Amino acid sequence: MHESYSELVLPFGSSPQLLEQYVNASGGIRTGKIMEHLDSLAGSIAYKHMLGPGVQTLGLLQERGFYIVTASVDRLDMMSALNPARDLRLSGQVIYTGRSSMEVAVKMESTGMGEPDESILIGRFSMVCRNASTHRAREVNPLTIAMPEERALYTLGEHMKRRRESLALRSLSRVPPSSSEAAELHSFYLQYGQGEGDDPDASPGVEREWMGDTVLEKCMLMFPQERNVHQKVFGGYLMRLAYELGFTNASMFTRGPVKFLSLDGISFARPVPIGSILRLRSQILHTTSSSQYPIITHVGVKANVVDVKTGSEQTTNDFRFTWCQELGKESRGLRQVVPKTYKEAMLWLEGRRALELGAEIRGLRMPL
């Protein structure tokens, strides 16, 4: 298992020239650009597992007989704030293999300045292997487990795969919401969803906005400079585009600066061809608050490839992110996003599920 371990160090603390390429408008680090590196690292780790640690170059895919793509990103959870004065180490390894899939765990740490290393982010990528000629599933190398720590990681990867399959079976695109979710939705409707427009009598003292009015879009042409080894648009680049659009929408909706909490999931339905027109559509799906964060906003971003001849669109990716405002830094209080249609109501419930899971994970990591 340990042979697939790889790491990348970004020496922000010792290289002002490098930091300049990643700094954002507030002096922090552009998280979207870091996500590009994480996706690239996960792909490199998967290829290293298949080819062996001694192979330095990928070579031609047809000669190798296989290629690897990102199937999904389960989660990326922030544990601490990025410190631009310290170096950043990105690392990961394969922790579980199925027949044609690999679970890659990644971690991001702050290092240097004479201080102990600090974990900043942890996450998981699901990679799948395909035959280069038939594009069908291809078997991956099994993992060799040598130490108890590796057995624990393998068990974790196996658990995460089972949980992902369970969540897919419970998806609201396949089955109805539970009775408790239906009751919660109806209660929310009675409190916030009655009335039209900006009728102040609908829910006195609470500011709301219809979900359909929170849409923010952008269209882009996909250039060959952003291609991957498969001659398609690099998935990490799409992650950055989606992150930055979602961040913009969350900032506009909350009317203030927001802090990234988690990437709650990404599905990769199909590749994005070079030269295609990509439409990114973001929408606020759920809002809530907690004792730690007075405003928490869950945002969905959908990526569609547009056929210019017919005007039809095909969904390629579905991204889910969560941002927050911290205590003492909130803008004007929590705004409720309210669904109008049944489809929007299901998106609202999906957002609620994601926020509940995120709160559970953050609660497990809080010091006693």
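What you are looking at is a predicted structure, and each value in this text was computed from that prediction instead of being measured.
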Please check if the distance between the ring centroids of [X] and [Y] is under 6.0 Å.
X	Y	value
His135	Tyr67	yes
Phe247	Phe260	no
Trp323	Tyr243	yes

Consider only side-chain N and O atoms of [X] and [Y], and report whether a donor and an acceptor are under 3.5 Å apart.
X	Y	answer
Gln325	Thr254	yes
Tyr154	His159	no
Ser110	Asn83	no

Are any non-hydrogen side-chain atoms of [X] and [Y] less than 4.5 angstrom apart?
X	Y	answer
Phe188	Pro339	yes
Ile34	Leu90	yes
Cys324	Thr297	no

Crowding at [atom1], [X] (>12 non-hydrogen neighbours, <6.0 Å):
X	atom1	answer
Lys161	NZ	yes
Met220	CE	yes
Arg162	CZ	yes
Glu20	CD	no

May I ask you to decide if Gly351's main-chain N or O and His298's side chain share a donor-acceptor pair within less than 3.5 Å?
no
My understanding is that only residues two or more places apart in sequence, or in another chain, count here; which of them pass side chain to side chain donor-acceptor pair (under 3.5 Å) with [X]?
X	value
Ser187	none
Glu226	none
Glu158	none
Tyr5	Glu7

[X]/[Y] ion pair, N-O < 4.0 Å:
X	Y	result
Glu350	Arg170	no
Arg163	Asp74	no
Glu326	Lys259	yes

Shortest non-hydrogen contact from [X] to [Y]?
X	Y	answer
Pro273	Val305	CD-CG2, 4.2 Å
Arg208	Val338	CB-CG2, 3.9 Å
Gly123	Leu76	CA-CD2, 3.6 Å
Ser282	Asn249	OG-ND2, 2.9 Å

Applying side-chain contact (heavy atoms from CB on, under 4.5 Å) to Ser289 and not counting sequence neighbours gives Leu334
For the residue pair Phe319 and Phe268, does the interplanar ring angle fall in the parallel (under 30°), tilted (30 to 60°) or perpendicular (over 60°) class?
perpendicular
Yes or no on side chain to side chain contact (heavy atoms under 4.5 Å, CB included) for Val73 and Arg124, after CA distance, side-chain angles and deciding distance?
CA-CA 6 Å; Val73 182; Arg124 300 177 304 279; over 6 Å; no
Holding to salt bridge (Lys or Arg N to Asp or Glu O under 4.0 Å), I want the full list of residues that pass it with Glu313, two or more places apart in sequence or in another chain.
Arg279
Side chain to side chain contact (heavy atoms under 4.5 Å, CB included) partner of His49, chosen from Ile68, Asn141, Val104
Asn141
How far apart are the C-alpha atoms of Ser100 and Arg138, what are their side-chain angles, what is the distance that settles it, and do they pass the side chain to side chain contact (heavy atoms under 4.5 Å, CB included) test?
CA-CA 5 Å; Ser100 61; Arg138 183 193 186 278; 5.8 Å; no
Show your working on side chain to side chain contact (heavy atoms under 4.5 Å, CB included) between Arg30 and Gln21 and close with a plain yes or no.
CA-CA 9 Å; Arg30 291 177 61 184; Gln21 299 176 34; over 6 Å; no
Show, in sequence, the C-alpha distance, side-chain angles and deciding distance for Gln283 and Thr214, and conclude whether the side chain to side chain donor-acceptor pair (under 3.5 Å) test is met.
CA-CA 5 Å; Gln283 192 170 23; Thr214 68; 4.6 Å; no
Using the ring of Phe253 (Phe, Tyr or Trp, six-membered ring only), decide whether Arg335 places NZ or CZ under 6.0 Å from its centre and within 45 degrees of its axis.
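Yes; both conditions hold, so Arg335 lies above the ring face of Phe253.
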Indicate if Met113 and Leu82 have the same hydrophobic cluster label, given that clusters are the connected sets of ILVMFWY residues with side-chain heavy-atom separations under 4.5 angstrom.
no
Step-by-step ring-ring contact (aromatic ring centres under 6.0 Å, His included) determination, Trp210 to Tyr192:
CA-CA 10 Å; Trp210 298 117; Tyr192 302 110; over 10 Å; no
Side chain to side chain donor-acceptor pair (under 3.5 Å) evaluation trace for Thr111 with Asp87
CA-CA 5 Å; Thr111 65; Asp87 294 349; 4.6 Å; no
Please name the residue in the list Arg75, Arg353, Arg320 that meets the salt bridge (charged side-chain N to carboxylate O under 4.0 Å, His left out) test with Asp264.
Arg75
